Every structure is written in C-alpha cells, then in structure tokens.
Amino acid sequence: MAYVGRPPANAALTAADLNNGIVSADKLATNAVTEVKVNADAITNAKTEFTPGLTIKGDGSSADGKLVLNCSQNSHGVSIAGPAHSAGQSYNLVLPTSVGSNGQVLATNGSTNNQLTWVDAVEAKPTVANVSQTISPATSQTFNITGTGFVSIPIVEFIKSDTGAITRAGAVSFTSATALSVTATLATGAYYVRVENNDGNAGRSANAIITASTAPVWSTAAGSLGSAAGDFSGTVTTVAATSDSAITYSEVSSPAVLIGSGSGQANCALNSSTGAITTTDFGGSSTTATLYTFTLRATDAEGQTADRVFTLQSSFGATGGGQFN
C-alpha cells in the first residue's frame with residue numbers, strides 16, 4: 001500500500017504531509033473528529049471565521065438548528081433556535097447600526113430583510129380625548145367618548161375628581177377604534193374617563209372631561225320687570241336664577257338695550273354676580289316713556305346657560321322721580 005510523506009515507521013503523518021483539501025467531509029467517518037483528536041488550542045479565532053456566514057443545520061428529523069451560548073463553566077446555556085419546519089419561514093435579521101437607549105427594545109421594519117431598530121417599549125394602550133361634555137346629573141344619559149385604540153367592547157369607568165369614586169358605564173356600544181357610545185347615570189360632579197380594553201391595557205383622560213350638572217333655571221318670571229321713572233337713580237330691580245354651581249348674569253341682546261346710554265338704551269348696569277339692575281339716570285337722555293325689551297343670560301360654572309326675555313318701562317309724569325314696580 002502506498003504511503004504519503006515519510007515512511008510511517010519513521011514519523012506520524014502531519015499536516016505538512018497532506019495537500020490542501022485532501023481531507024474532505026466525505027473522507028471522514030461520522031464522529032471521526034472528536035475532542036480527543038484535536039488539541040485544545042488547535043481551534044483559534046482565525047480558524048472560526050466564516051465567509052459569508054455560518055449555517056447551523058437541523059438534524060433532518062425533528063431538531064431545529066440552534067446556537068447555544070454557555071456560561072463560563074459550561075454548566076448552563078441559552079440558545080437561539082430556528083423556527084419549526086412547519087412554519088416554512090426564511091428571513092434575515094439585521095442588527096441596528098448603534099446601541100439603543102436604556103429601556104428600549106428591538107423592533108423590525110416588517111420586511112423580509114428585517115432591519116432591527118431600537119424603539120421605546122410601549123404597550124398598545126387606548127387613549128381618551130380631552131373633549132369636555134356636560135350631562136344632566138342623577139339620570140341615565142347616553143353620550144359619546146372619543147379617543148384612539150378602542151377594542152370591542154371595552155370597559156368604561158367614570159372617576160369622580162374630588163372623591164375618586166368610580167362609576168362603571170351601564171352600557172357601552174363600540175362604534176369604532178376612535179369612538180364609543182356610553183350610557184351612565186352620574187351624580188353631580190366632574191369625572192375622569194377610563195377606558196380598558198379586553199387585554200387589560202387602559203387609558204384615562206388627562207382632565208375631568210365629563211361634568212354632571214343641572215343647567216340654570218330662572219326664578220324670575222319672563223316679561224315685565226316693572227317700571228321706573230325717567231331719570232331715576234338707584235336699584236331698579238334684581239333678577240335671579242338657580243343652579244348647582246355659581247351663576248353669572250349678562251345681557252345678550254344685540255345690540256344691547258339694558259346696558260348703555262345711547263338712543264333706545266335704558267342706561268342701566270347689570271351686576272354679574274347678584275343680578276341687580278341699577279342706574280344713575282334711568283333712560284338716559286330720553287324724555288319720553290319707553291318700553292325696553294332685552295334678553296338676559298344666566299351662566300353656571302360648567303358653562304351651561306339659560307336665556308330669558310324681560311322688559312322695563314320708563315315713565316314720565318307730573319310727580320317726577322320715584323320707582324314703582
């Protein structure tokens with residue numbers, strides 16, 4: 001039998017005795033190259049550089065290819081494995097070009113050649129738009145809640161701003177990912193709105209956007225507030241309205257009739273807090289009896305309004321001054 005290199009009796013076969021490429025995979029029996037056949041320092045970094053890449057195969061049966069990273073003592077390890085054959089997947093993951101910030105996670109761009117990027121770790125939480133609404137208290141009301149990320153059908157809760165008491169909506173109708181129709185009965189007060197999707201992710205309005213409040217109601221009957229002599233000075237009359245919050249009074253006639261001293265104006269002042277109507281010269285420069293018709297508005301702290309039309313009559317007679325109602 002022919003031999004290669006020096007006679008075997010003289011020396012063992014060495015790498016120098018073999019032509020490059022002479023030992024190929026098909027020349028080696030399975031498991032022929034074991035740890036005891038390779039010196040501990042024989043496999044160096046230079047011998048483990050793979051161009052253009054490294055393929056770790058499955059066993060052709062049920063074990064998927066995987067890369068195992070051991071601890072320093074080789075007693076523990078974590079692995080990265082390919083997906084199962086049944087998934088039929090072939091794709092590439094490309095690492096980011098720089099290091100991310102604290103708390104960020106890797107995300108793909110969704111293409112076959114997935115470029116990984118660092119993104120902030122966030123949950124898919126719904127948001128509630130800060131759209132203020134006022135509803136009647138202590139009665140069932142149906143109204144809309146807008147926002148983003150709603151999933152059919154979420155839980156909607158109302159959190160009272162002063163006590164933290166929670167009232168759950170009696171009914172929720174899913175309109176879209178940005179709109180809900182809800183029915184609830186709320187006591188007087190202001191409420192934050194919390195929407196919780198079925199996966200447990202929830203969002204709450206930044207402000208108390210739902211106010212349950214009674215609109216102003218006029219106590220003073222519409223129509224005539226009486227009459228006063230022309231040139232009268234003092235309190236002509238006082239109007240009043242009630243609500244569950246503070247009320248302010250204003251004239252909304254266009255042009256103004258009660259307030260102002262021009263032609264056709266009563267030359268009065270309206271106290272916005274008390275509703276008192278006063279004058280220093282009722283009717284101003286007018287010297288003829290005039291019926292002044294004007295509209296007053298009562299506005300509560302929630303911005304609800306109630307308008308009412310009133311009249312005041314000026315009079316001129318032989319007796320001159322003096323107020324009468």
Side-chain angles (χ1 to χ4, degrees), residues 128-147 156-171 179-195 204-226 234-260 265-279 292-312 325:
V128 179
N130 284 305
V131 178
S132 298
Q133 300 182 68
T134 301
I135 64 173
S136 298
T139 183
S140 179
Q141 299 282 293
T142 299
F143 49 95
N144 293 328
I145 298 295
T146 58
V156 178
E157 295 176 327
F158 302 93
I159 306 169
K160 206 163 187 293
S161 61
D162 55 352
T163 64
I166 297 174
T167 301
R168 180 173 290 190
L180 303 170
S181 176
V182 300
T183 301
T185 301
L186 301 176
T188 298
Y191 295 82
Y192 295 95
V193 177
R194 180 180 182 273
V195 175
R204 197 191 80 165
S205 60
N207 301 313
I209 60 173
I210 301 298
T211 301
S213 173
T214 301
V217 176
W218 281 100
S219 305
T220 304
S224 175
L225 295 176
T235 299
V236 179
T237 190
T238 299
V239 295
T242 60
S243 182
D244 51 17
S245 60
I247 290 178
T248 58
Y249 301 92
S250 61
E251 182 183 5
V252 292
S253 310
S254 183
V257 175
L258 178 68
I259 300 172
Q265 294 177 307
N267 193 35
C268 293
L270 174 64
N271 188 303
S272 62
S273 299
T274 65
I277 298 174
T278 59
T279 183
Y292 300 102
T293 302
F294 49 91
T295 302
L296 298 186
R297 173 170 292 172
T299 304
D300 66 12
E302 292 73 42
Q304 300 174 102
T305 63
D307 294 349
R308 181 155 286 187
V309 178
F310 299 101
T311 63
L312 274 173
N325 294 312

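This one's a predicted model, so the numbers in the text were calculated from it and none came from an experiment.
Residues satisfying the side chain to side chain donor-acceptor pair (under 3.5 Å) criterion with Asp244, sequence neighbours excluded, are Ser213. By the side chain to side chain donor-acceptor pair (under 3.5 Å) test, Thr183 pairs with Thr142, sequence neighbours left out. The salt bridge (Lys or Arg N to Asp or Glu O under 4.0 Å) search around Arg204 returns none, not counting sequence neighbours. By the salt bridge (Lys or Arg N to Asp or Glu O under 4.0 Å) test, Arg297 is found to be paired with Asp307, residues two or more places apart in sequence or in another chain being considered. Annotation: side chain to side chain donor-acceptor pair (under 3.5 Å) contacts of Thr211 (sequence neighbours excluded): none. For Thr274, the side chain to side chain donor-acceptor pair (under 3.5 Å) partners are Asn271, not counting sequence neighbours.
Ala298 and Pro216 get closest at one heavy-atom pair: O-CG, 3.6 Å. Across every non-hydrogen atom of Thr188 and Pro137, the tightest pair is OG1-CB, 3.4 Å. The two residues Phe158 and Ala169 have their closest heavy-atom pair at CE1-CB, 3.9 Å. Between Thr311 and Ser224 the shortest heavy-atom distance is OG1-CA, 3.1 Å.
Looking at Leu180, Thr134, Ile210 one by one, the single match for side-chain contact (heavy atoms from CB on, under 4.5 Å) with Phe143 turns out to be Ile210.
Contact of the Leu225 side chain with the Phe294 side chain is registered, since non-hydrogen atoms from C-beta on lie closer than 4.5 Å. For the pair Val128 and Ile145, the minimum side-chain heavy-atom distance is below 4.5 Å.
Under a 3.5 Å cut-off, the side chain of Asn207 and the backbone N or O of Asn130 do not form any donor-acceptor pair. Judged by distance alone, with hydrogens and angles left aside, the side-chain atoms of Ser243 form a donor-acceptor pair with the main-chain N or O of Thr214 at under 3.5 Å. A donor-acceptor contact shorter than 3.5 Å is absent between the side chain of Tyr191 and the backbone of Ala212. Without hydrogens or angle criteria, Gln265 side chain to Tyr292 main chain gives no donor-acceptor distance under 3.5 Å. Side-chain atoms of Arg308 come within 3.5 Å of backbone atoms of Thr220 as a donor-acceptor pair (strictly under, hydrogens ignored). Of the possible donor and acceptor atoms, none in the side chain of Thr278 sits under 3.5 Å from a partner among the backbone N and O of Thr235.
Side chain to side chain, Thr299 and Gln304 fail the donor-acceptor criterion of an N or O pair below 3.5 Å.
Taking the six-membered ring where the residue is Trp, Phe310 and Trp218 present perpendicular rings, their angle passing 60° and hence far from 30°.
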